[in-house]
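Just so it is clear, the values below take in all heavy atoms, side chains as well, and ignore hydrogens, waters and symmetry mates. Here is how names work: the chains are called A, B, and so on, in the same order as the sequence lines, proteins then strands, and each is numbered from 1.
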Protein chains: 2
Amino acid sequence: MTPEPISRRARPAKAPLSREAIVRAGLAILDRDGLDALTMRRVAKELDTGPASLYVYVANRDDLMAAMLDEALARVPLTAEGTWREQLHALVAATVEAMSRHEGLAAVALGAIPTGANALLVIDRMLALLKQGGLDDITAAWAVDLLHLHSAAAAAEQSAYLTKGGKEETVVADADRHYAALPADRYPMITALRPALFSPGDRDTWGLDVLLSGILQTPAR
Amino acid sequence: MTPEPISRRARPAKAPLSREAIVRAGLAILDRDGLDALTMRRVAKELDTGPASLYVYVANRDDLMAAMLDEALARVPLTAEGTWREQLHALVAATVEAMSRHEGLAAVALGAIPTGANALLVIDRMLALLKQGGLDDITAAWAVDLLHLHSAAAAAEQSAYLTKGGKEETVVADADRHYAALPADRYPMITALRPALFSPGDRDTWGLDVLLSGILQTPAR
DNA sequence: GACATCGACGAACAGCGTTCGCCACGAACG
DNA sequence: CGTTCGTGGCGAACGCTGTTCGTCGATGTC
């Protein structure tokens, strides 16, 4: 097949539809215009077609989002340097990072046992590191459950800031003001500890340390 | 048309619209028919009115769901017996229970710093117990953050089973079969540890123990 | 050359959240 | 007592949504 006639040139180089192309278009829209803009019509328009065409490759919107989540997890580096614990820490942090970068994707991970190819690779790596740490099978299995839950939750919380106006600091400052106006007799501890509640610091790193320490110290059953 | 004098009596004792009534109607629909059925039109019908009438008392659907979440949290008992750690454990477990009972409400808690009156009461109580445990202000503050995140996530995961057909065991069995069919060379750890991954046991209690142990052992900064 | 298969897609359906503008009613005011 | 005014209630509508159906055309096979 040689150079196309002019009629095809109007829309040049229209890539053929495919599941991959749809997933990538979805991610592009999600990153550019947010979760509300991620509609089947909008994805179809990005690919220069109609919404009905998508359903050949994608069962429905949920299926599309699950595929997008797994695509996002493909970017998680599975290997790192350091002790097993440092590597595990880095792996979980990278997973949170990858999910929280795309608004709303973490919520998908929260509601289902992971089955995506890349999600499973992450989990497999987590299991390997936990076993390397000397944990027994059951504790390692439950730990990976807990770490997955925590990753999804942390990412969901983080990506929620993308939804609301963007600025995380603004949202936190609003909450601080709200807490400052609470009646001290009804909420004595919140009132007393308000400076600590809104103190800056790396809570994500601390949270992960808490989890890892707790896991090491708490054998299942 | 024919104005029916009897029509007022046909639906007797029609309570006047109020924010409380709307919230309660929403919870009733959510529990009875699920998250998909929770539409403004459906809530309005439950109260024998039209959707536009709701917007006098409720800003929008998100506002309604936030109010429903706080109403659900009103049922969390704030006091229990035992050591501070046992009380804290019970408090968190009760919070998860209350949220997971209503499909989709936990997702609301994940995306925002809590501001509802009842949510704040729970948090205030958590802070009190953590301080009773001897933690410094910052660690207690970060711990309450982490516990809140974990509660919402655990409840969201739990309530997701309400969405899918209902039976948790069915979903888990499906996942087990899926994992069994994975290529062992690509996912060696998952394949090897599959029995442990799907082993029964009280993972929620274990997860909470992990968190509490980790918190006690990991001072912030 | 005839046939079967399957991707593409225009059109439509049923439903959604939310807004607008009008109605009725009760309180406030002169 | 009459009038005005604010406000809860709500019918109707707008602009969307996810998804399905049936048709069309191209491609690969016998």
- request: Remember a base hit wins even if backbone is also touched, and classify B:Y57 as base, sugar-phosphate or nothing at under 4.0 Å, heavy atoms.
  value: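 The residue B:Y57 makes sugar-phosphate contact but no base contact.
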
message: Side chains of A:R125 and A:Q87: any donor to acceptor distance under 3.5 Å?
response: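 Yes, side-chain donor-acceptor contact under 3.5 Å.
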
Output the rounded distance in Å from [atom1] ([X]) to [atom2] ([N]).
X	N	atom1	atom2	value
A:R61	D:dG18	CZ	P	6 Å
B:N60	C:dG17	CG	C1'	9 Å
B:D48	D:dC10	CG	P	8 Å
A:I22	C:dC9	CD1	P	11 Å

field: Non-hydrogen side-chain atoms of A:S159 and A:M99 separated by less than 4.5 Å
entry: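 Counting from C-beta outward, A:S159 and A:M99 never come under 4.5 Å.
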
- request: Between A:A59 and A:T39, just flag the one whose closest nucleotide in DNA chain D comes earlier from the 5' side.
  value: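 Here A:T39 is the residue nearer the 5' end.
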
- prompt: Looking at C:dG15, does its base get a donor-acceptor pair with the side chain of B:R41 below 3.5 Å?
  reply: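 Between C:dG15 and B:R41, which were checked side chain against base, a qualifying N/O pair under 3.5 Å is absent.
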
- prompt: Any side-chain N or O of B:S53 under 4.0 Å from OP1/OP2 of D:dG9?
  reply: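 So the side chain of B:S53 is outside the cut-off, no N or O lying under 4.0 Å from OP1 or OP2 of D:dG9.
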
task: Determine whether the aromatic ring centres of A:F198 and A:Y179 lie less than 6.0 Å apart.
output: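 Distance test on ring centres: under 6.0 Å, yes.
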
- prompt: Out of curiosity, B:L64 CG to B:R19 CZ, how far, rounded to the nearest 0.5 Å?
  reply: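 B:L64 CG to B:R19 CZ: 8.0 Å, rounded to 0.5 Å.
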
Among C:dC9, C:dG7, D:dC10, the one nearest A:T49 by side-chain distance: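 Of C:dC9, C:dG7, D:dC10, C:dC9 is nearest to the side chain of A:T49.
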
